[in-house]
Structure formats: C-alpha cells, structure tokens
Asker: 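Sending over a structure as structure tokens; questions will come in a sec.
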Amino acid sequence: MKEISALLGYRSSIKVVDATLRDGGLVNNFDFSDEFAKALYETNVKAGVDYMEFGYKASKEIFDENKFGKWKFCADDHIREIVGENQTDLKIAVMADVGRCDYKQDILNRSDSPIDLIRVATYLTTIPGAAHMIEDAKNKGYEVSCNIMAISNTQESDLRIALDTLGQTPVDVLYIVDSFGALYPEQIARISDMYMEFAEKYNKKIGIHAHNNQQLAFANTIEAVGDGVDWLDATYASMGRGAGNCAMELLLGFLRNPKYNIYPAIKFVEKYMEKLKEEGTVWGYDLQYLMTGILNQHPRTAISFTKEQRKDYTEFYKEIVAQD
C-alpha cells in the first residue's frame, strides 16, 4: 500500500504534457483549425501545463501532405504562427517516430526552432534507430524523451535490455506507454518499479502515456504518480486515438500542485471539445475498444469498426478472438 503522501502530496518534479493535438490528431487526420490550436495553447498557459505537444515531425516522403492537417508535420513556421516567440513558461514538444520521419533535415538546431522537446517514439525492434535519433536531437540542443510503445506485448527481459540501452543515451525521460490500453494499475506498479530501477541507474526521469480502452487511463496515470513517475501525458476530454487518453481535466483536478488550474481546462472542453463531438469527430471508450484492450491487441480493428459505424459488437468480438 502506498503512502497517501505519494498520491496527495505536492511534488515539484511533476510535469504535465498536453498531447491533444498529436494523439487527438490521429482521430481527425490533424484537421484542427488555427483557432483551435491557438485556444489550446492559451489554455495550457493559463492552466499551468508544462509542455504542449503540437504533433508529429512526419516524413513528407512517406505521408501525403494533402491528406493530413499541418500538425502531422509541425513545420516550425506553423508553430510560430500559434505561439509567436512563446514568452511563457509553457514548453513546446513534437513527436518523431523512428522510421517515419526525416529527422536529420526536418528537425533544425534548437537555436533556430520554437521547439523545446523532441519526443522519440519507438518499438522494441527499432531501439538502435531511437538511440541515433536521441543523439541527434541532443546534439542539436533539445530536451529529449523516448516513448517505448506496445510494452504490454513484450517480454520483461527484452524490455530490460531496451531500457538499459536507452539509459546509456543522453535521453532525459523514458516513457511507459500502454499503447493498447491493456494494462491494469497493479501491472503499472510493477512496470513503474522496473523503469525506476533504470532511472536511478542512469539518472533519468520516467513518464507515462496511457490509453483508455478499459477506462483505466486516469487510474493507471495516478498509479504511476504514486510509484514515482513524474511526467504525465493527458489530453483534453481524453481525445486521442481510439479510446483516447488520460483526461487532462481529471489529471489537473487530481494534482495538488498549486501551479495547475483546472478552470481554463473546463472552459476549453466546454467551448471546443464539445463542438468537435457535435461536428462528428468520434473518439473515446466504447465496447470495441474494451475488447481490443482486454485481448491486448492493437486497436486498428476497433478503429475500423468505429469508422464503419458498425454496432454488431458480438460479431466483432468473435472476429478479433479468432485473430488472437
């Protein structure tokens, strides 16, 4: 049983990261208006959020610019159109996927960019590529984090090797990522302990990025907080791929850090997130995402089920069980 102070006490080392434009962009192909992005930025500043992730630095050779909104590619000039010189305490982040970005040319030197943090995303099979990207971003002057995705489908021995490899790079933060929304708080506790072991060995910080397939994104996030995890990802109204993520408004309401303010978050959800839903953008917990979470499967089948507006949940369950 955790000490109550680990859950309810003030901890200055906590960092809250807004991933709405990036993970939420996977829902609507990054089709956000500049008004939305600007309002989100201003909300994060007022709410005391520490980092705002604008989207991806995706390769224009791999992804067609005509099929996605601007935050799939996060041109520095487009970010400046929203943040100006960003003379605030809020820091700017982007994500770069191993094998899906042209980081050597698209990620400029930090001194020439409005971006503060590069979030490298990798699978276990691409750890060497992630290490090269981390080195590149650090040499350019950035803070760097690394998201190891789909860890619920990995062997602990393999994950330990990956953490040890990444621990020897100059990465600042290593992320626990429940890509499939398959993990429970008890598992998060054990995984957090493992990550903290390597954090202490290599002087790193640990973060968590949770998905809400089983309505556990918030529970798993606050479990991780009690285990010593400091960097916490969230999105407004839980907007994110499939079932979405830990809700920003839940997280800000939970944290006892006086620098965070929930009121701007509530105001933003009311004005902008409800409007997105009314306009037909679909995300969030539903039975199809529960099923893929329980089965520890990638939610791509559930996403297709949702787009096709199917309601035959039992037939879908039989289909994905047969694939398992």
Asker: With a 3.5 Å distance limit and no angle check, can you tell me whether Asn213 reaches the backbone of Tyr289 through a side-chain donor-acceptor pair?
Answerer: yes
Asker: Let me check something: do Met239 and Tyr41 share a hydrophobic cluster, defined by ILVMFWY side-chain heavy atoms less than 4.5 Å apart, either directly or through other members?
Answerer: yes
Asker: Counting neighbours of CG on Asp312 that are heavy atoms of other residues, nucleotides or ligands and sit closer than 6.0 Å, is the number greater than 12?
Answerer: yes
Asker: Asp178 side chain to Gly181 main-chain N or O, any donor-acceptor pair under 3.5 Å?
Answerer: yes
Asker: Which distance, rounded to the nearest 0.5 Å, do you find between the OG1 of Thr43 and the CG of Leu90?
Answerer: 11.0 Å
Asker: Can you name the one residue among Val83, Leu117, Ile82 that meets side-chain contact (heavy atoms from CB on, under 4.5 Å) with Ile92?
Answerer: Val83
Asker: Could you check whether Ser113 and Asp76, counting side-chain N and O atoms only, form a donor-acceptor pair closer than 3.5 Å?
Answerer: yes
Asker: Looking only at heavy atoms, what is the nearest atom pair of Ile14 and Asp50, with distance?
Answerer: O-OD2, 3.9 Å
Asker: Got more than 12 heavy atoms from elsewhere within 6.0 Å of CD, Gln323?
Answerer: yes
Asker: Any donor-acceptor pair under 3.5 Å linking the side chain of Asn109 with the backbone of Ser111?
Answerer: no
Asker: Evaluate whether atom NZ of Lys267 has more than 12 neighbouring non-hydrogen atoms of other residues, nucleotides or ligands under 6.0 angstrom away.
Answerer: no
Asker: Do the ring centers of Tyr236 and Tyr272 come within less than 6.0 Å of each other?
Answerer: no
Asker: May I ask you to decide whether Asp102 forms a salt bridge with Lys60, counting only side-chain N to carboxylate O separations under 4.0 Å?
Answerer: no
Asker: Salt bridge check, Asp136 against Lys140: does any charged N sit closer than 4.0 Å to a carboxylate O?
Answerer: yes
Asker: Without swapping roles, check the side chain of Asn257 against the backbone of Lys259 for a donor-acceptor pair under 3.5 Å.
Answerer: yes
Asker: Using the side chain to side chain contact (heavy atoms under 4.5 Å, CB included) criterion, which residues pair with Lys46? Sequence neighbours excluded.
Answerer: Pro264
